[in-house]
Number of protein chains: 2
Amino acid sequence: MGGVLDKAGITEAALRLIEKKGYDGLTMAALARSLNVAPSALYNHVKSKRDVLLLLEDHLASLVDVSAFGVGQWEDAVRTWAWSYRDVFSQHTPLIPVIAVLPVTDAPQTLAMYETVSAGFRDAGFPEERIVSSIVALESFIFGSAYDVTAPADIFDPGSMAEATPSFTGAVRSLAEQGHERPADVAFGLGLEALISGLGGLRG
Amino acid sequence: MGGVLDKAGITEAALRLIEKKGYDGLTMAALARSLNVAPSALYNHVKSKRDVLLLLEDHLASLVDVSAFGVGQWEDAVRTWAWSYRDVFSQHTPLIPVIAVLPVTDAPQTLAMYETVSAGFRDAGFPEERIVSSIVALESFIFGSAYDVTAPADIFDPGSMAEATPSFTGAVRSLAEQGHERPADVAFGLGLEALISGLGGLRG
DNA sequence: CTTTGTAAATGAATGGCATTCATTTAGTGG
DNA sequence: CCACTAAATGAATGCCATTCATTTACAAAG
């Protein structure tokens with residue numbers, strides 16, 4: 001009865017499970033069941049559940065669009081990359097705490113993404129010693145913004161505290177009246193453009 | 001045997017516990033033990049463990065330094081606030097997923113922080129409909145950067161993949177040689193200054 | 001003082017979870 | 001045909017949050 005299982009199959013099954021049941025439904029038991037296998041069988045292929053999350057993360061990194069680096073303007077490439085990166089991970093926020101502490105050695109697709117992005121920054125004229133910091137700054141913003149996408153629409157409703165917080169209440173109301181675009185998208189666009197123009201100034 | 005427990009006491013005990021054992025050590029059982037009480041007793045005062053995390057979050061919000069708003073330049077106030085905010089939550093990253101989805105109604109101290117910051121933005125000349133988006137953009141960056149502080153030093157070491165990723169490897173090396181400051185602080189400073197100057201341009 | 005009501009604490013259960021391990025099964029190369 | 005190895009099994013472990021029927025302590029009302 002050798003080997004219906006491997007890392008690719010586990011990753012795929014995990015993705016299907018998450019799509020159907022969300023991250024709460026992603027248990028080792030459920031994952032095993034979806035593969036018609038006993039839970040303990042999974043441990044022949046992954047060391048722990050964290051390993052599964054790591055496989056997922058690296059797979060998702062391969063979905064991020066880096067194709068604009070090397071063609072056209074640096075600004076446009078960063079824009080495309082950042083929006084795509086945020087969109088992918090906004091569906092997978094439980095992975096963010098994992099990524100944040102994940103050594104890139106363990107994630108080849110993620111490393112490949114960094115390579116493409118780094119080359120794009122270098123070719124755009126960034127001094128070498130600022131490249132990693134600039135990417136990290138953008139990534140931090142992207143991860144934070146990914147959470148933002150999942151927030152409930154009324155998260156900023158001050159409720160009964162409205163009178164005590166006039167400035168904030170007014171600002172929230174004003175945005176709501178204005179808003180056609182998703183609030184999370186407005187904030188992301190605003191911050192991203194600020195980062196692009198600010199970081200762009202570091203080029204030699 | 002009425003009432004040795006209340007929300008303030010639970011919050012304080014939880015903070016002490018986290019300081020000593022980290023967030024892995026923060027279990028309802030351990031929290032109860034630290035208060036000399038049975039685990040089930042906690043449920044007379046909080047609805048769930050998530051409630052405890054919520055109490056913690058709101059307490060931490062009160063530690064964020066907003067004192068610079070209303071005195072001096074908007075830029076300086078944002079800088080002080082943002083660094084302080086990041087420093088506080090970099091010690092409490094497990095709360096970030098909670099905050100991200102937390103309606104402000106349930107967190108009075110957090111709401112108070114937003115009020116002060118909003119007023120600072122308004123007084124600095126921000127159009128009302130951009131205030132919330134600007135704050136959200138900054139907050140997203142701050143939360144993402146808080147994770148960054150906790151990352152291991154060698155997180156970007158490409159290991160055996162170094163030859164396959166020359167641009168990235170070079171950039172990582174270059175930063176390491178350069179660096180006296182903590183890498184997370186460099187990236188945060190870079191991104192924050194970019195956001196401050198980019199968002200500052202929205203003022204009327 | 002006693003009665004009555006209420007808030008708070010108890011301890012025993014429940015169900016879910018990741019993980020471990022001794023054992024079995026099934027192929028593969030000598 | 002045998003020996004080795006990789007993979008799957010199912011039963012157990014230990015930790016966890018949460019629930020609930022029951023008891024305890026106290027305070028206010030008669």
Side-chain angles (χ1 to χ4, degrees), chain A residues 1-59 92-102 106, chain B residues 1-58 92-99 101-102 106:
Chain A
M1 201 197 278
V4 200
L5 258 46
D6 63 348
K7 295 198 184 205
I10 291 174
T11 307
E12 207 185 312
L15 271 174
R16 265 199 302 270
L17 194 53
I18 287 159
E19 205 170 320
K20 218 172 172 193
K21 312 269 187 179
Y23 272 86
D24 282 352
L26 179 63
T27 68
M28 294 302 270
L31 185 54
R33 186 150 27 80
S34 84
L35 288 160
N36 296 312
V37 128
S40 48
L42 293 171
Y43 289 86
N44 288 317
H45 304 273
V46 296
K47 254 195 16 261
S48 65
K49 181 172 183 181
R50 192 166 180 285
D51 255 36
V52 175
L53 298 181
L54 202 141
L55 288 171
L56 281 170
E57 190 278 326
D58 204 42
H59 173 77
H92 297 274
T93 55
L95 294 179
I96 293 178
V98 176
I99 313 171
V101 191
L102 173 66
D106 303 339
Chain B
M1 204 199 274
V4 200
L5 257 47
D6 63 348
K7 295 197 184 206
I10 291 174
T11 306
E12 206 186 312
L15 272 173
R16 266 199 303 269
L17 194 52
I18 288 160
E19 205 170 320
K20 218 173 174 192
K21 311 270 188 177
Y23 272 85
D24 282 351
L26 180 62
T27 68
M28 294 303 269
L31 184 55
R33 188 151 25 81
S34 83
L35 288 160
N36 296 312
V37 130
S40 48
L42 293 171
Y43 288 85
N44 288 318
H45 304 274
V46 296
K47 253 194 17 259
S48 64
K49 180 172 182 180
R50 191 167 181 283
D51 256 35
V52 175
L53 299 180
L54 202 141
L55 288 171
L56 280 169
E57 190 278 327
D58 204 43
H92 297 273
T93 55
L95 294 179
I96 292 177
V98 176
I99 312 172
V101 191
L102 172 68
D106 303 338

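Residue numbers begin at 1 in each chain, while the letters A, B, ... track the order of the sequences. Values reported hereafter were calculated over all heavy atoms of this structure, with side chains retained and with hydrogens, waters and symmetry mates removed.
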When the distance from [atom1] of [X] to [atom2] of [N] is rounded to whole Å, what number comes out?
{"X": "Asn36(B)", "N": "dA8(C)", "atom1": "CG", "atom2": "C1'", "value": "16 Å"}
{"X": "Arg33(B)", "N": "dG11(C)", "atom1": "CZ", "atom2": "P", "value": "14 Å"}
{"X": "Lys49(B)", "N": "dG16(C)", "atom1": "NZ", "atom2": "C1'", "value": "15 Å"}
{"X": "Leu42(B)", "N": "dC20(D)", "atom1": "CG", "atom2": "P", "value": "17 Å"}
{"X": "Asp24(A)", "N": "dA18(C)", "atom1": "CG", "atom2": "C1'", "value": "15 Å"}
{"X": "Leu35(B)", "N": "dT10(C)", "atom1": "CG", "atom2": "C1'", "value": "15 Å"}
{"X": "Lys47(A)", "N": "dT20(C)", "atom1": "NZ", "atom2": "C1'", "value": "15 Å"}
{"X": "Leu31(B)", "N": "dC15(D)", "atom1": "CG", "atom2": "P", "value": "18 Å"}

If you check every side-chain atom of [X], which of [options] has the closest atom?
{"X": "Met28(B)", "options": "dA18(C), dA17(D), dG11(C)", "answer": "dA17(D)"}
{"X": "Val37(B)", "options": "dT19(D), dA9(C), dA17(D)", "answer": "dA9(C)"}
{"X": "Thr27(A)", "options": "dT9(D), dA18(C), dC16(D)", "answer": "dA18(C)"}
{"X": "Tyr43(B)", "options": "dA17(D), dA18(C), dA9(C)", "answer": "dA17(D)"}

Notebook entry, point to check: Measuring from His59(A):NE2 to Leu54(A):CG, what's the distance to the nearest 0.5 Å?
Noted result: 14.0 Å

Checklist line | Rounded distance (nearest 0.5 Å) linking atom CD1 of Ile96(B) with atom CG of Leu53(B) | finding: 12.5 Å

Enumerate, atom names and distances included, each donor-acceptor pair closer than 3.5 Å involving a side-chain atom of residues 34-41 of chain A, sequence neighbours excluded.
unit_1   : atom_1 : unit_2   : atom_2 : d
Ser34(A) : OG     : Leu31(A) : O      : 2.9

Next item on the list: State whether His45(A) places a side-chain N or O below 4.0 Å from either non-bridging phosphate oxygen (OP1 or OP2) of dA6(D).
Entry: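 No, His45(A) has no side-chain N/O under 4.0 Å of OP1/OP2 on dA6(D).
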
Next item on the list: Give every residue pair that meets the salt bridge (Lys or Arg N to Asp or Glu O under 4.0 Å) criterion with at least one member in residues 24-52 of chain A, sequence neighbours excluded.
Entry: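 Qualifying pairs, neighbours excluded: none.
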
Note to self: I want to check something: taking the side chain as every heavy atom from C-beta on, are Tyr23(B) and Leu17(B) in contact at a cut-off of under 4.5 Å?
What the structure shows: no

Next item on the list: Confirm from the modelled atom types if Asn44(B) and dA7(C) form a donor-acceptor pair under 3.5 Å, side chain to base only.
Entry: no

